[in-house]
Amino acid sequence: MNRAEYMDQLKSALAGLNQNDISDICSDFEEHFDIGLSEGKSESDIALELGSPKEVAMTYLNRDDKDDNIIPEQSPFTSHATTNSESESAAKGSSDPVNQAISQTLNQTKAPPKDLNGPRAFVVLLNLLLMVWVWIGIYSTLIGFWGITAGLVVAAIALLSALAFLPAGVTAAIVLLALALISFSVASGILNFFLTKLTIIATKGYIKWNADVYNNGF
Amino acid sequence: MNTQYKKGVLDLCVLSILKNGDQYGYELANRLSEMIQISDGTVYPILRKLAVDGMVTTYLQESQSGPPRKYYRLTGLGQTALIDMRREWSSFAESVNKIVGGAFS
């Protein structure tokens, strides 16, 4: 198959799409042929490598159908049309999100590579100046809470073991107090367990956020 | 090779190649078809879909030989998506390898 035949078949297989989409797609394939020829390949070799035009067209049709279902028809007033040709296509009432998105991306000229220095410096400074201390504070508090729980348990055990040395009259009161201490320790233990879990989740999330900002910026 | 296999991961492959630098369609198609058995024509619908979804942007650049070429560049959105897709892929591949390797025999 030569270039003209290939393009003809592609065009007719794309017939379901609107004219703008078809010419966009065809220009991609014309470019492919141009470059291939400039590298010394024959038209038929390039056509062979590209694969059957009908199958290629099917892929476009499926994808574009899907997009049409997701993106509702745009009125000319909500479309992002900026140039005359785009406004015209929108005014014709053709719902054409595909073409609009492509035109928008085409309109963007080569942007400088994303500058990561700012976000990286931000992450490093934020951690050194502030977050290190915040996290030390959070974890110290957590350790303190666990200390309270342990203290309550120790106090209850001490009280119970001192029973033998205390006058018989206060036994009931001491046992009650010890029970109260144990209940408090259990309650605070449960609370601490969930606080610890929460802190670990927060720490992981925070580390992940740091990595994201560091690697990809904001 | 089973074409159903490839369909799902070609987006990931295209985004991964673009992460290493902007490419024009022809070059990208050639690189991909060197590694995976696909027809060059498969790449263009994928690129178009990625552009519509905002994963890549395009721009035209003159070349020494022939007409200007349409280059594709990964966007911030594309980078984020790539990180997610890569994570998904490696855990999926790991599981499949385990099963294929006889984890349940």
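Every chain is numbered from 1, with letters handed out A, B, ... down the list of sequences. Below, each value reflects all heavy atoms present in this structure, side chains not excepted, and no hydrogens, waters or symmetry copies. Since the model is a prediction, treat every value here as computed from it, not as a measurement.
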Return the OH to CD distance between Y72(B) and Q23(B), rounded to the nearest 0.5 Å.
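So the OH of Y72(B) and the CD of Q23(B) are separated by 11.5 Å.
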Counting only heavy atoms closer than 4.5 Å, note whether [X] contacts chain B via side chain, backbone, both or neither.
| X | answer |
| --- | --- |
| D34(A) | side chain |
| E55(A) | neither |
| E49(A) | both |

Side-chain ion pair, [X] and [Y], N-O less than 4.0 Å:
| X | Y | answer |
| --- | --- | --- |
| D28(A) | R48(B) | no |
| R69(B) | E62(B) | no |
| D84(B) | R87(B) | yes |

Just by distance, with hydrogens left out, do T149(A) and S185(A) show a side-chain donor and acceptor under 3.5 Å apart?
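Absent: no donor and acceptor within the cut-off.
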Are the side chains of M131(A) and Y206(A) in touch, meaning some heavy atoms are under 4.5 Å apart?
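In contact.
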Heavy atoms under 4.5 Å from chain B: which residues of residues 137-145 of chain A carry them?
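Against chain B, none of the residues of residues 137-145 of chain A fall inside the cut-off of heavy atoms under 4.5 Å.
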Option in S63(B), P68(B), S39(B), A29(B) with maximal non-hydrogen atom pairs under 4.5 Å from chain A
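Ranked by heavy-atom pairs under 4.5 Å with chain A, first place is S39(B).
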Quick check, are the ring centers of Y44(B) and F29(A) under 6.0 angstrom apart?
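Under 6.0 Å, so yes.
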Does atom CH2 of W209(A) have more than 12 heavy-atom neighbours, drawn from other residues, nucleotides or ligands, at distances under 6.0 Å?
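It does: W209(A) CH2 has more than 12 such atoms within range.
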Check whether Y71(B) gets within reach of chain A through its side chain, its backbone, both or neither, counting any heavy atom under 4.5 Å.
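Neither part.
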